[in-house]
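Throughout, a chain's letter reflects where its sequence line sits, starting with A, and its residues are numbered from 1. Side chains are part of it too, since the values below use all heavy atoms of this structure and drop only hydrogens, waters and symmetry mates. Bear in mind that the values here come from a model prediction, so they are computed numbers and not experimental data.
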There are 2 protein chains.
Amino acid sequence: MSDSRSGKSATLVDVARLAGVSAMTVSRVLNDRGNVSRETRLRVERAMEQVRYRPNVMARSLSLGRSQTIGVVTYDTAQYGPGSAVLGIERAARERGYGVTITAIARPDHDALRSAVLSLDDRMVDGMVVIAPFTAMAGALRDLGRGTPVVAAEAAHQGEVPIVGIDQGLGARLATRHLLGFGHRTVHHIAGPIEWIESRLRSDGWRAELADAGAAVPAPLGGDWTARAGYDAGMRLADDNSVTAVFVANDQMGLGLLHALHERGVRVPQDMSVVGFDDTPESAYFLPALSTVRQDFARLGEVAVELLDRLVTDDDFVADDKLLIPPSLVVRASSGPAPS
Amino acid sequence: MSDSRSGKSATLVDVARLAGVSAMTVSRVLNDRGNVSRETRLRVERAMEQVRYRPNVMARSLSLGRSQTIGVVTYDTAQYGPGSAVLGIERAARERGYGVTITAIARPDHDALRSAVLSLDDRMVDGMVVIAPFTAMAGALRDLGRGTPVVAAEAAHQGEVPIVGIDQGLGARLATRHLLGFGHRTVHHIAGPIEWIESRLRSDGWRAELADAGAAVPAPLGGDWTARAGYDAGMRLADDNSVTAVFVANDQMGLGLLHALHERGVRVPQDMSVVGFDDTPESAYFLPALSTVRQDFARLGEVAVELLDRLVTDDDFVADDKLLIPPSLVVRASSGPAPS
DNA sequence: CCTGCTGATGATTGCGTTAACATCTGCCCG
DNA sequence: CGGGCAGATGTTAACGCAATCATCAGCAGG
């Protein structure tokens, strides 16, 4: 019997009518702008409550040309890294009052990225974060050049789009240095897929640290981030008893490696030390607990969104090319002194 | 020197002007509706390409009252279950031509859920999938009752909103039955947090299967899904040598359990069998490889979105209360015959 | 040769909101 | 006591698109 029309929700005009004012006045109350008398404001506010008024975001966006929404483009959120990054960004964005629209692309190539970006543009997002962990995607970032601000996360630098990321090279160096510090002659490496930028950066860091220490640089094994790949690599490494230390490019491969070594009777860390990368929540409970490199994804999200926010808000703000967040080493049971 | 105004992108009116037709005709070409002569259509299409026209989704939504977007409400996407469910839903939705807006809620209570749902409503989503794995959220689902169709995923049944989920009870029964089949007198249980519906359903299934088999029902231990909780429970269980089989409510706790048992010198599966739940990608590489229950989240997503799509499209479609997807048992190395 | 229909196209209006400008009331001050 | 100014409110138009109705030409059938 009240006037809650079932189905359609109340619009600003309904509120105006009910409060006996013009639509514009309601809008002013809504946005806390302009001069509205205390009395009118109260009347309007009561009316809004009465009809359970909720402003229509789309209409506002259309009128304003801004949507208070940012878009996130990502690939394979099932992976720990990208998945955590999305989560961090999502949180940070909400905290700043942005809505978030997420688009997962099917393949990490130029076209897919392009179409994802366009589709976000169609939705009038105010800005985007592109999680582009693939070398192949870097080129595509260059071509975006629409008016919409873009921040790339975990991407290769391309000179057009500012980048936010975790310092993969430093992480790899920390891991390698840690192992060398235990007296290992050198450190072997199970790398991630070559198409992933993070993979390359981690390998580079490992190589650089070995070089700095004057240690030999063994040929790295390749993997695809999965535990199975780590297992396969482990089976190869187990046979070679010159191998005493391994830096594996992520924790899941680390798990597979540990499994293989266990099967082959190679004791960790007595016979072989292992350090991973990521610090997944499970890594502390591997057998043995995995030493690894921790990345702060929440911070990554905050930094990315903060940067994007500034880009969106302030027209003539010029961002730094690159913002790197330092990772930290977590030492657990899988790394120890070289066997004598 | 071409007419690509930098900054603003072309609108339908621009295309119309360029093609020398009315806006309406462009709209018709765009939506492949109405009668447009072959000739005009071509002219319009050329014009669209020339100015790189992209329809503005918001404007269309506002005009149509539909947005071709579905909203997803979720809690804690970092958890394997909810995270995978989101991924499955996202994929399925895109396949059906829907955009996806994801909202993560901070706390799993009535208010947070309500405000998430309202905010999606403000964005004019055509429908929503609410991943509501908490008992506390079930009540809130009842109150939604807006015009927007809602499907709940992994939620408790409340009679208002159709549910899509994986048959947790069946999964628990499969795991328990598998262990009993090895001759274990009974099966112990490490449960998930009581506030989680899945947790309760898994415990119930375990209990029911034991009861059906006439086996004793030991008091379950409680955990919070984390490996640490599994570890703690494992330390308790290891001391009790009447325990020969454990059904643990998820794989991460399973990992912790294995870790604890290893530390205490309890051999798996010779001294104790373990079966988990989830089949995370890593579970096959635990030490020993974990027997577990696999859930098909991709399928869950498809089913949820298909149902929602029908609800959105067909006004007088009435959905079934509940759609359950059967999980499957994956037998690996962590389960075996009872010690004699 | 007119009626009536069909196919192609255009004009108008509305979706819900806000910006920009217009109007109106008091009231201060010279 | 009138000019002018500030505060409060209203009016109009625009954002980009599509539904609805109108228009117009061509053409078959009586």
Side-chain angles (χ1 to χ4, degrees), chain A residues 5 7-45 47-48 51-69 99 118 121-126 147, chain B residues 5 7-45 47-48 51-69 118-119 121-126 147:
Chain A
R5 296 144 195 85
K8 299 203 82 64
S9 50
T11 76
L12 178 147
V13 175
D14 296 335
V15 174
R17 202 153 28 215
L18 183 58
V21 297
S22 77
M24 200 52 228
T25 300
V26 178
S27 172
R28 279 193 266 258
V29 171
L30 205 55
N31 300 294
D32 209 26
R33 196 195 318 277
N35 304 311
V36 180
S37 73
R38 178 164 245 66
E39 186 184 0
T40 314
R41 177 190 314 279
L42 281 171
R43 197 141 37 91
V44 169
E45 279 167 354
M48 293 201 295
V51 298
R52 281 175 165 50
Y53 172 68
R54 302 227 91 210
N56 181 314
V57 177
M58 301 231 149
R60 169 183 281 162
S61 303
L62 188 59
S63 179
L64 245 41
R66 291 178 291 101
S67 61
Q68 278 297 308
T69 297
L118 287 177
D121 244 348
D122 295 346
R123 294 196 140 70
M124 298 181 68
V125 296
D126 295 345
Chain B
R5 297 147 194 82
K8 300 202 80 64
S9 50
T11 76
L12 180 146
V13 175
D14 297 334
V15 174
R17 202 154 27 216
L18 184 58
V21 298
S22 76
M24 201 51 229
T25 300
V26 179
S27 172
R28 277 192 267 257
V29 171
L30 206 56
N31 301 293
D32 210 26
R33 196 194 321 275
N35 304 313
V36 179
S37 73
R38 178 165 246 64
E39 186 184 0
T40 315
R41 176 190 313 279
L42 281 171
R43 197 142 38 91
V44 170
E45 280 167 353
M48 292 201 295
V51 298
R52 281 176 163 49
Y53 173 67
R54 304 226 90 210
N56 181 314
V57 177
M58 300 230 152
R60 170 184 279 157
S61 303
L62 189 58
S63 179
L64 244 43
R66 292 177 288 101
S67 62
Q68 278 296 306
T69 298
L118 287 178
S119 104
D121 243 349
D122 295 346
R123 293 198 142 69
M124 298 183 68
V125 296
D126 295 346

Non-neighbouring partners of A:A19 that pass side-chain contact (heavy atoms from CB on, under 4.5 Å), sequence neighbours left out: A:V21, A:R43, A:V44, A:A47
Euclidean distance, atom CZ of residue A:R54 to atom C1' of C:dT17 [Å, nearest integer]: 16 Å
Rounded interatomic separation in angstrom, taking CD from B:Q68 and P from D:dG16: 21 Å
For A:L64 and C:dG16, what is the distance between atoms CG and C1' respectively, to the nearest whole Å? 12 Å
List the residues meeting side-chain hydrogen bond (donor to acceptor under 3.5 Å, both in side chains) with B:N56, not counting sequence neighbours, and say none if there are none. none
In whole angstrom, what separates B:M124's CE from C:dG16's C1'? 9 Å
How would you list, by chain and number, every residue that makes a side-chain hydrogen bond (donor to acceptor under 3.5 Å, both in side chains) with A:T40, sequence neighbours excluded? A:S37
Could you give the distance from CG (B:N31) to CG (B:L64), rounded to the nearest 0.5 Å? 8.0 Å
For B:R41, check salt bridge (charged side-chain N to carboxylate O under 4.0 Å, His left out) against everything at least two apart and list the hits. B:D32
B:N31 has a side chain; which of C:dT18, C:dG16, D:dA18 sits nearest to it? D:dA18
Side-chain N,O (A:R60) to OP1/OP2 (C:dT18) below 4.0 Å: yes
Spacing of B:M58 atom CE relative to D:dA14 atom C1', expressed in whole Å: 17 Å
Could you go through the side-chain contact (heavy atoms from CB on, under 4.5 Å) check for A:R54 and B:L118 one step at a time? CA-CA 8 Å; A:R54 302 227 91 210; B:L118 287 178; 3.0 Å; yes
So, is A:T11 close to the C:dG16 phosphate, meaning a side-chain N or O under 4.0 Å from OP1 or OP2? no
Restricting both atoms to N or O, compile the protein contacts to nucleotides 22-27 of chain D shorter than 3.5 Å, with distance only.
none

Of the non-hydrogen atoms in B:Y53 and B:L12, which two are nearest, and what is the gap between them? CE1-N, 3.3 Å
Those residues that, when tested against B:T69, pass side-chain contact (heavy atoms from CB on, under 4.5 Å) (two or more places apart): A:R123, B:S67, B:T101, B:V125
Return the value, rounded to whole Å, for the distance between atom CG of A:D14 and atom C1' of C:dC15. 13 Å
Of all residues at least two apart in sequence or in a different chain, which pass the side-chain hydrogen bond (donor to acceptor under 3.5 Å, both in side chains) check with B:S61? none
Partners of B:T11 by side-chain contact (heavy atoms from CB on, under 4.5 Å), sequence neighbours excluded? B:V13, B:D14
Rounded to the nearest 0.5 Å, how far does CZ of A:R60 lie from CG of B:D122? 9.0 Å
Go through residues 33-45 of chain A and report each residue with a non-hydrogen atom lying under 4.0 Å from DNA chain C, sorted by number. A:R33
So B:L62, base contact, sugar-phosphate only, or nothing? Heavy-atom distance under 4.0 Å. base
For A:L30 and A:M48: C-alpha separation, side-chain torsions, deciding distance, then whether side-chain contact (heavy atoms from CB on, under 4.5 Å) applies. CA-CA 9 Å; A:L30 205 55; A:M48 293 201 295; 3.9 Å; yes
Any N/O pairs under 3.5 Å between the protein and nucleotides 23-28 of chain C? List them or say none.
none

Helical bend (five base pairs per end, nearest 10°) for the helix from C:dC1-D:dG30 to C:dG30-D:dC1: 60°
B:R123 has an atom CZ; how far is it from atom P of C:dT17, in whole Å? 14 Å
For nucleotides 10-14 of chain C, print each protein N/O atom paired with a nucleotide N/O atom at under 3.5 Å, atom names and distance only.
unit_1	atom_1	unit_2	atom_2	d
C:dG10	OP2	B:S22	N	2.8
C:dG10	OP2	B:S22	OG	3.1
C:dG10	OP2	B:T25	OG1	2.6
C:dG10	N7	B:R28	NH2	2.8
C:dG14	N2	B:S63	OG	3.1

From B:M124 atom CE to B:R66 atom CZ, the distance as rounded to the nearest 0.5 Å: 9.5 Å
